[in-house]
Each structure stands twice: as structure tokens, then as C-alpha cells.
Amino acid sequence: MLTVILMVIAAAAPFTVIGGGATAGWAVTQVLGIPVAYVAMAVVLGIFSVGYTEMSRHIVNSGAFYAYVTQGLGRVLGLSSAGVAVLAYNFMQIGLYGGFGAVLKGFLADQWGINLAWWVCAGIAWAVIAVLGVLSIEFSGIVLGVLLGAEVIIALIFSVVELAHPAGGTVTFDTVNPSQLFSAGTGAALATAVAGFVGFESTAVYSEETRNAKRNIPRATYLSLLIIGLLYAFCSWAMSVAAGPDKIVEMSTANGTETMFVLVSPHLAEIWLVLGHALFITSLFAALLAFHNTAARYTFALGRERVLFAWFGATGRRFRAPLWGSITQSILALAVLAIFALADKDPVVYLFFWWTVTGGFGVLILMTVTSVAILAYFMRNRDGELAEVSLWRRFIAPGIGAVLLLAVLIVTIVEFDTLLGVKPDDLERYLFPGLFLAAAVVGAVWAAFLRSANPDTYRGIGQGVNAALLSVQPEDTAAHRTGPR
């Protein structure tokens, strides 16, 4: 369970979110309540997790969202969600290379006068992750555990220093006041907060590689969400205290990701600032590795069910990690890096910022649809062991979660131009959200094709390790055992 928690928190990249996500949120939305927005989203996602973790007890599958939507809403919508999931996690993982390359480039130049192109720096991370991706999750967990522990410690040290030196000599609580949730621009603040939590849901993705998954996956999910939410809220609040609530937006706009370092630089020795910058880089690397593993496992799940080429479902003989799912992920990332390097585009704006924001939007879509699917699943299955599941876990929590997530999703769509920093009528404002609609349509069309052209494969959609068994069952029997068609 500890390995899964480390993988999930690493994917959330706490130091990156605190140093980059929170400051960008203040600068873009001009809303003070970024810290309380993190608290609010932690509550919303906690409610969502009630039904989500209950599903993980009954359905063990590396393609968690995909499998749950299939069981609740049918194979066609299930495969649509798979298309959205693969696209979303690829956006998140590949987009992070832009941030990593740019930050490492600046760090090397400032500290040692080494001038490398951003794509060379990103290529270094790519090479290491390509190797780690085909090794055991436990090995990756060791790497992530060391990096994560260091970045959390430095983030807390910075926060304590900030609280010890409040602006005007007074510790204020303006940015964590719940009334901030009802101020203008709160929707954009919540959408910004959502991106910081992407990754917490991946606990279920590792269910097939976790001992006693029915007990440990729910625990890992709740613990990860609690740790992430408290850390984000506390550290971003500390920054607002040190800057002053009336100055934090202005300071974030002027200094960007350096805001945190500017606030503590008068009070800490230079070595702490160097260490903080180094851990900012390792935070990005940890997130890259975690999202690489998540994306590879979704591809693996689809290959195992022969929805994609069967060789995507292969695992390494020694480490049992997805082999071709990981290799394909590395190839795709390398291709995108090459395109951006040749195009000479700003990697921070056009790769890191745009792609990760878009990936977070895709995961928000998945969580919203999954909440509805969980409701449908438990409404249809009320016998046997499912009859013992409480009303709260089967209906009430998933229902509340679906309504809350849908509200955040709508606000995100409405304010997508703000999140990208473009004009309301710019092409990108419609292009990026539209890609997920296209992915969903492609998935649905492919499912419809499989239903007529390859019924055996169609019956195995979303069934994980049971796909091969179900593919040889008669259609009526398979439908009875696996839910809607």
C-alpha cells in the first residue's frame, strides 16, 4: 500500500503544484481563495472516492475508470471513456516534459553555467523514465519515495519560514476563509485546484499489482487525498501569509514559479534555495514517472482485452510490469518532444501549461462520468455481496459526487479560455476540449464495430483478467454476468 501512496502523491507533484500551480492560479484567476479551493476540491473528491473505492473492492482492473464505466454504463460508453483516459493521461505525462526541460535548463545555467537546449534536458528525463517504466512498480516506488520525502520536507520548511515572517507582522486567514468560495472567479479557482489533484485516482490503476487490493486500495486513496489536500492548502496559505493577502496576486503575477523562493530568500541561506530549486526539478520528474506508469497501464488494459493490438497486453517476464504499453508511451513522448523541438515553441506555455491543463480537464470528465456509472452499477446490482453495501456508499455519495463534479466540469468548460490564457474566440479554446469529444466518439465507433465484427473481443471490453474467459461465453451468458451491453 505504501508504494501505491507514494506513486499517487508523486503523480500529484506537491512541490510543483505548490510552487507553480498555486501561483499560476493566483496570477490567472486573480482570486485570493486558491488555498480554500484546494480544501473544497479535496472534499468533493473525497465524496467521489466513497463510491469509487467501493467499486475497486468489486472490480479489480488496471484500466480503472474504463472498467467502471463499462460495468455501469455499457461497453460502448466504456470504450469511449477509455479513449478519453488514454488521451488525458498522455497529455498530463508528455506535457510535464516541457516544464522539466525548461526548469532544468535554467537550473544548470544558473548554477554551473551549463547551457543546454530544453529538449536535451527533457531527453535526459525521458531516457531514465523509459528504463524505469519497464521495471517493477516497487522499484519505481523506491525512487519516488526518496524524491517525494525530500520535496515534502522542503515545502514544509519553506511554509514554516513564511508563517514565521508574515506580512505586516500578523498571520491572516483571508485566503482560507470559506466566503472566498462565493466570490467572483471561484469557478476558475476550482478548475485550477482540480489539476493539482490529478493522479490521486490512480490508486485503482495499480490494483492488480497490490497485495490485498480490496483493503489497501481504498485506504491508499483516502490517505493520498488527505495528505495532498492538507499539504496544498497549508503551503499555499503560508505563501499568502508571507506575501500578504492583498499582495499575493500581484507577487504571483510578477514572479510566477519563483514566488515561493522570493518569499523565503531573505530568511534562508542560499543552500536552501538551491536545494529547493533542485527538488522542484525532481518533483516534476516524479510526476513524469508516475503518469508514465498510469498511461502505460491503461494501454496494457486495452491490449490485454484485444481492444488494441494484443501485444500491448504483454508484461515483462521478470518484473511483470506492462512492457509494450510502457515502450509505446516512451516512443510517443519522444515523438512529441521532437516535434516541439523542431517547431521551436515555448515548452512552458505550449507544452507544459497547455497540455497539463488539458489533461486535468480530461480526468475531470472521467471522474464525472464514472460517478454516474457507479450509481448505475449499484442500482442494477443489488443482490449477493452487493446487498451488504451501505446506502451511503452505493447511492448517496456517488450521487452527490456526480452533481458536484458536473458543476465543476461545466465551470471549467465555460472558463477554458481563462485556463489557457487565450481569447474567448481563439481556436485553442475549442480545439483542446474538442479533442476529448473526438476521442470519445472514436471509442464508441470502435466498440460498435467490434460488436458486429468481433463479438468475442466486444464481450471482453472492460473485463480485465476475465476478458479471455468471457470471450468464449455465449452472448446472453456474458451479458448476464458482466452487466450492460
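Computation of the quantities below employed the complete heavy-atom set of this structure, encompassing side-chain atoms and omitting hydrogens, waters and symmetry-equivalent molecules.
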> Would you say the side-chain atoms of Trp446 pair up with the backbone N or O of Val307, donor to acceptor, closer than 3.5 Å?
Replying inline: yes
> Considering the options Leu302, Val69, Thr70, Val442, which one meets the side chain to side chain contact (heavy atoms under 4.5 Å, CB included) requirement together with Leu79?
Replying inline: Leu302
>> If you define the side chain from C-beta out and look only at heavy atoms, does anything of Tyr350 sit under 4.5 Å from Phe340?
In response: yes
> In Å, rounded to the nearest 0.5 Å, how long is the span from CD1 of Ile339 to CG of Leu334?
Replying inline: 10.0 Å
> Considering residues at least two apart in sequence or located in another chain, which fulfil the side-chain hydrogen bond (donor to acceptor under 3.5 Å, both in side chains) criterion with Tyr430?
Replying inline: none
> What's the spacing between Trp118 CH2 and Phe352 CZ if we round to 0.5 Å?
Replying inline: 12.5 Å
>> I'd like to know whether Phe285 forms a side-chain contact (heavy atoms from CB on, under 4.5 Å) with Val128, so could you lay out the CA-CA distance, the side-chain angles of the two residues, the decisive distance to 0.1 Å, and finally the verdict.
In response: CA-CA 10 Å; Phe285 177 84; Val128 177; 3.6 Å; yes
> What do the steps show when you test Tyr222 against Leu226 for side-chain contact (heavy atoms from CB on, under 4.5 Å), and what is the final call?
Replying inline: CA-CA 6 Å; Tyr222 289 124; Leu226 179 63; over 6 Å; no
> Taking atom types as modelled and ignoring hydrogens, do the side chains of Thr53 and Arg219 form a donor-acceptor contact shorter than 3.5 angstrom?
Replying inline: no
>> Please determine whether side-chain contact (heavy atoms from CB on, under 4.5 Å) holds for the pair Val194 and Thr412, giving the CA-CA distance in whole Å, both sets of side-chain angles, and the decisive distance to 0.1 Å.
In response: CA-CA 10 Å; Val194 169; Thr412 303; 5.7 Å; no
>> Consider side chain to side chain contact (heavy atoms under 4.5 Å, CB included). Of Ile94, Thr299, Leu337, which one does Leu332 pass it with?
In response: Ile94
> Between CZ of Phe291 and OG1 of Thr294, what distance do you get to the nearest 0.5 Å?
Replying inline: 6.5 Å
> Counting only N and O atoms by type, is there a donor-acceptor contact under 3.5 Å from the side chain of Arg451 to the main-chain atoms of Ala447?
Replying inline: no
> Going by heavy atoms in the side chains, are Asp417 and Asp426 under 4.5 Å from each other?
Replying inline: no
> Under the criterion side chain to side chain contact (heavy atoms under 4.5 Å, CB included), which of Leu96, Leu104, Leu289 is the partner of Leu284?
Replying inline: Leu96
> What residue among Phe65, Tyr298, Trp355 forms ring-ring contact (aromatic ring centres under 6.0 Å, His included) with Tyr89?
Replying inline: Tyr298
>> Less than 4.5 Å apart, side chain to side chain, heavy atoms only: is that true for Glu54 and Phe378?
In response: yes
>> Restricting to non-hydrogen atoms, name the atom on Pro14 and the atom on Val152 that form the minimum distance, rounded to 0.1 Å.
In response: CG-CG2, 4.4 Å
>> If you compare all heavy atoms of His292 against all heavy atoms of Ser330, which two are closest, and at what distance to 0.1 Å?
In response: CE1-OG, 3.3 Å
> Is the CH2 atom of Trp354 crowded by more than 12 outside heavy atoms at less than 6.0 Å?
Replying inline: yes
> If you round to the nearest 0.5 Å, how far is CD1 of Ile47 from CD1 of Ile400?
Replying inline: 5.5 Å
> Got a sec, which pairs hit ring-ring contact (aromatic ring centres under 6.0 Å, His included) with one end in residues 402-421, sequence neighbours left out?
Replying inline: Phe361-Phe416
>> Once rounded to the nearest 0.5 Å, what's the spacing between atom OG of Ser224 and atom CZ of Phe197?
In response: 11.5 Å
>> For a quick test of reading the model, state the closest non-hydrogen atom pair linking Ile34 to Ala189 and the distance between them.
In response: CD1-CB, 3.9 Å
> So, does Ser81 use its side chain to make a donor-acceptor pair with the main chain of Gly78 at under 3.5 Å?
Replying inline: yes
>> If you compare all heavy atoms of Trp126 against all heavy atoms of Ala333, which two are closest, and at what distance to 0.1 Å?
In response: CD1-CB, 4.0 Å
> Within the distance-only criterion (no hydrogens, no angle test), does the side chain of Glu151 pair as donor or acceptor with the backbone N or O of Phe15 below 3.5 angstrom?
Replying inline: yes
>> Does either side chain, that of Gln329 or that of Asn90, offer a donor lying less than 3.5 Å from an acceptor on the other one?
In response: yes
>> Please determine whether side-chain contact (heavy atoms from CB on, under 4.5 Å) holds for the pair Val369 and Leu77, giving the CA-CA distance in whole Å, both sets of side-chain angles, and the decisive distance to 0.1 Å.
In response: CA-CA 9 Å; Val369 175; Leu77 289 179; over 6 Å; no
> Atom CG of Leu366 and atom CZ of Phe436: how far apart are they, to the nearest 0.5 Å?
Replying inline: 8.0 Å
> What is the minimum heavy-atom distance between Val31 and Trp26, and which atoms define it?
Replying inline: O-CD1, 3.0 Å
> Can you name the closest pair of heavy atoms from Arg306 and Thr457 and give their distance?
Replying inline: O-CG2, 3.4 Å
